[in-house]
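Worksheet: one structure, shown below.
Each chain gets a letter, A, B and so on, in the order the sequences are listed, and its residues count up from 1. In this text the structure is predicted, and so the values were computed from the model without any measurement.
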2 protein chains.
Amino acid sequence: MKKVVLKDIAQYVGVSTALVSYVLNGQAEEKQVSKENAEKIKQAAIALNYQPNQVAKSLRTQKTHTIGLVVADINYRFSTGITRSIEAEAKRRNFTVIYGSSDEDAEKFTQLTNVLINRQVDGLILVPGEDSEEQIVLLQQSGTPFVLVDRYFPNIDTNYVALDNYKASYDAISYLVKTGHKKISFVNLETSLFHLRERDRGYRDALKDHHLEANPEWMRHLRPQHLKEDMELATRQILDRLNPCDAVLFATDRLSIAGLKQFNDYGIRIPKDISVLSFDEADAFDLFYCPVSHSRQPLEKMGEAAVDILVDLINKQKTHKQLYFQTDFIAGKSCRE
Amino acid sequence: MKKVVLKDIAQYVGVSTALVSYVLNGQAEEKQVSKENAEKIKQAAIALNYQPNQVAKSLRTQKTHTIGLVVADINYRFSTGITRSIEAEAKRRNFTVIYGSSDEDAEKFTQLTNVLINRQVDGLILVPGEDSEEQIVLLQQSGTPFVLVDRYFPNIDTNYVALDNYKASYDAISYLVKTGHKKISFVNLETSLFHLRERDRGYRDALKDHHLEANPEWMRHLRPQHLKEDMELATRQILDRLNPCDAVLFATDRLSIAGLKQFNDYGIRIPKDISVLSFDEADAFDLFYCPVSHSRQPLEKMGEAAVDILVDLINKQKTHKQLYFQTDFIAGKSCRE
DNA sequence: TCATTTGCTTTAATCGTTTAAAGTATTACA
DNA sequence: TGTAATACTTTAAACGATTAAAGCAAATGA
């Protein structure tokens, strides 16, 4: 069964392709197409089940109505969440999303963005990984509209939608202080990614402002590739006999899961033995014996904002924006009060 | 900065676009392009940073080298897993994947497939939901190459890649029987989806073959939209004072999570009070106090197979295939031995 | 010397749309 | 009656690639 194209409708009705195009694009009035022909064309389109060829349309209009999305790792909850909200908002605005996962690999990230650009996406939404500054700068120079989400580079002036990581971290620690904790550990990843470094800063400043002990051993930076072993060491340090912590803040959901597993293995009970607070949400928290308190990123809002900004950029409304969001605090029962 | 197109290179070097096209598509030898020109063209392409316009290419060749993927719900672990492996295999074969989530909604499913077809994807990989038979039949009639994954319709003769759900279920029950369980419950979803009905059948037959009590109350079908309340009822029934089960098999990961949460709430300990076996894998299992034994779907292999079959279809190698896979049994500690 | 072959290059149509610009009746007005 | 406006419709050139087919020298063969 051959594909029905515009020309087929034109022949079927006995008019030129121009008329058909006008009618099917809702320009019947504007282009003063006779009611009779307009009606015939509409009927024919239905009768022949005409499906416009978007590729041809894109080539002609130089617009694909497509957004390219590169997430850091599709296995992250953050990624599926943000993808979902970006898709929803994109659909609302009649855009399609093509996406890919860089798996935190700078080269793959570059490759992916190039593939997407070759496919003529109108713009990009990116969650860049380590060592991607260069590619971002190149993108910027090329004039491709793009928005960064979650992660950004303080010394590159781009549009981005991010969390106020400093504040989120500061507030989380303040909450722990307020609920009577005095020896607070912070477990983060070893990375140069700015947003995670901001969480460090929030922790440090909060401790200082509340005049708490800032034991250097309590701020841990685990190697992503050696999470399990580094976590084992970290938790042992945190639970140290002589000077144990009474609370720990994990900087990401994956850290929390690894940490809680380790606590399980050690037979440590939450929150009796130690209070636990987490960044991000994880489905896995559901199955833990006590709900885990955590700071939740407003993924829906962030995704929507990213699409909004990007679409503005695409439409040449040169909004230059850096948007910060606040976390929602989800109170569980993993913190002693 | 204007985009560099083929013509620009042609002008830059002083040849026709045909030559440029030949050289950049590796047909220099075949088309007997002079070494001199070939070299110049290659240099120019690099110098001008030429990026071919895939849209134009697709229009001309009538091939987009793109696969459309529609998953049932991006939030399922199954979806991210299969997406990942499909993406990887597609990339290996030089295809890009555009995907969307139908959120188990038949209308959205139809819409999505149409959007993808309009974008001229070369073929589709689909995880259809309830009430999508009609759309599948239409697709088949239209001649669009497609492969179903995970779910399929026994009375529609399509290509698919699926689990041997009957056997997986049968084997899981047999394992429970072998480890000494006698009163085995099976918690499934209320749905007409064939693959889940097959799991019912496996359960029933296994009970019969092992001459076990087949209490109708022990085969539960929960409404997906009322999972929590139905699960509460189901678990109460399973734990019934007078005739409690000694084991339960959950038909999906989400059911397991809901069930285990409920057990947590009731203060039931696994596997002391009851043995638990699950289909699928869940990150959340990690945080449960005891590793959950489960039957794991070989997502990587399934995704690869789906791409393989689809690409064959696209290349007119009319392989007509129904592929069944077996689950891997992952032994945890949630079953009393 | 003329025809043929070889080696290389260009021309131009094509994919399926969109959209200025031009074309052609018909009607209105002076 | 001639001109202008109105109401439509068609023509044809894009968009950026691919690719038969044709073109054109120079080399070869008879």
#### Entry: Side-chain donor/acceptor of B:D73 to backbone N/O of B:D103, under 3.5 Å
no
### Message
I need the A:L19 CG to A:Q27 CD distance, nearest 0.5 Å.
### Response
11.5 Å
### Task
Look at the side-chain N and O atoms of B:K57 and state whether any lies under 4.0 Å from the OP1 or OP2 oxygen of D:dT18.
yes
### Query
A:L19 CG to C:dA20 P: how many Å, rounded?
15 Å
## Note on the structure
Comparing A:N37 with A:T17, nearest DNA chain D nucleotide closer to 5' gives the residue A:N37
### Query
Does C:dT9 have OP1 or OP2 sitting under 4.0 Å from an N or O in the side chain of B:S34?
yes
### Query
Given atom CD of B:Q27 and atom C1' of C:dT9, what is their separation to the nearest angstrom?
15 Å
### Query
D:dC8 P sits how many Å from A:Q32 CD, rounded?
7 Å
### Summary
Rounded to whole Å, CG of A:L24 lies from C1' of C:dT18 at a distance of 12 Å
### Task
Confirm from the modelled atom types if A:Y22 and C:dA20 form a donor-acceptor pair under 3.5 Å, side chain to base only.
yes
### Task
Remember a base hit wins even if backbone is also touched, and classify A:V15 as base, sugar-phosphate or nothing at under 4.0 Å, heavy atoms.
sugar-phosphate
### Query
Which listed nucleotide (C:dT11, C:dG16, D:dT10) is nearest to the side chain of A:A56?
C:dG16
### Message
Does a side-chain N or O of B:Y50 approach OP1 or OP2 of D:dA17 to a distance below 4.0 Å, or not?
### Response
yes
### Task
Could you check whether B:V33 gets within reach of a base, just the sugar-phosphate, or nothing at all, counting any heavy atom under 4.0 Å?
sugar-phosphate
### Task
Give a yes/no on whether any side-chain N or O of B:N25 is located under 4.0 angstrom from OP1 or OP2 of D:dT18.
yes
### Query
Has A:S21 got a side-chain N or O lying under 4.0 Å from the OP1 or OP2 atom of C:dT17?
no
### Query
Which nucleotide, D:dA13, D:dT11, D:dG16, lies nearest any side-chain atom of B:V5?
D:dG16
### Query
For the pair made of CZ in A:R60 and C1' in D:dC15, what is the distance, rounded to whole Å?
6 Å
### Query
Parallel, tilted or perpendicular: which fits the ring planes of B:Y152 and B:Y160, with parallel below 30° and perpendicular above 60°?
parallel
### Query
What is the distance, rounded to the nearest whole Å, between atom NZ of A:K31 and atom P of D:dA7?
16 Å
### Query
Would you say the side-chain atoms of B:S79 pair up with the backbone N or O of B:N75, donor to acceptor, closer than 3.5 Å?
no
#### Entry: For atom CG of B:N53 and atom P of D:dA17, their distance in whole Å
5 Å
### Query
Would a distance-only check, ignoring hydrogens and angles, find a side-chain to backbone donor-acceptor pair under 3.5 Å from B:D122 to B:T64?
yes
### Query
Among the nucleotides C:dT18, D:dT10, D:dA20, which one has an atom lying closest to any side-chain atom of A:A18?
D:dT10
## Note on the structure
When A:Q62 and A:G14 are each assigned the nearest nucleotide of DNA chain D, the 5'-most assignment goes to A:G14
### Task
Output the distance between atom CG (B:L310) and atom CG (B:L124), rounded to the nearest 0.5 Å.
7.5 Å
### Query
How close or far is atom P of D:dT9 from atom NZ of A:K35, stated in whole angstroms?
11 Å
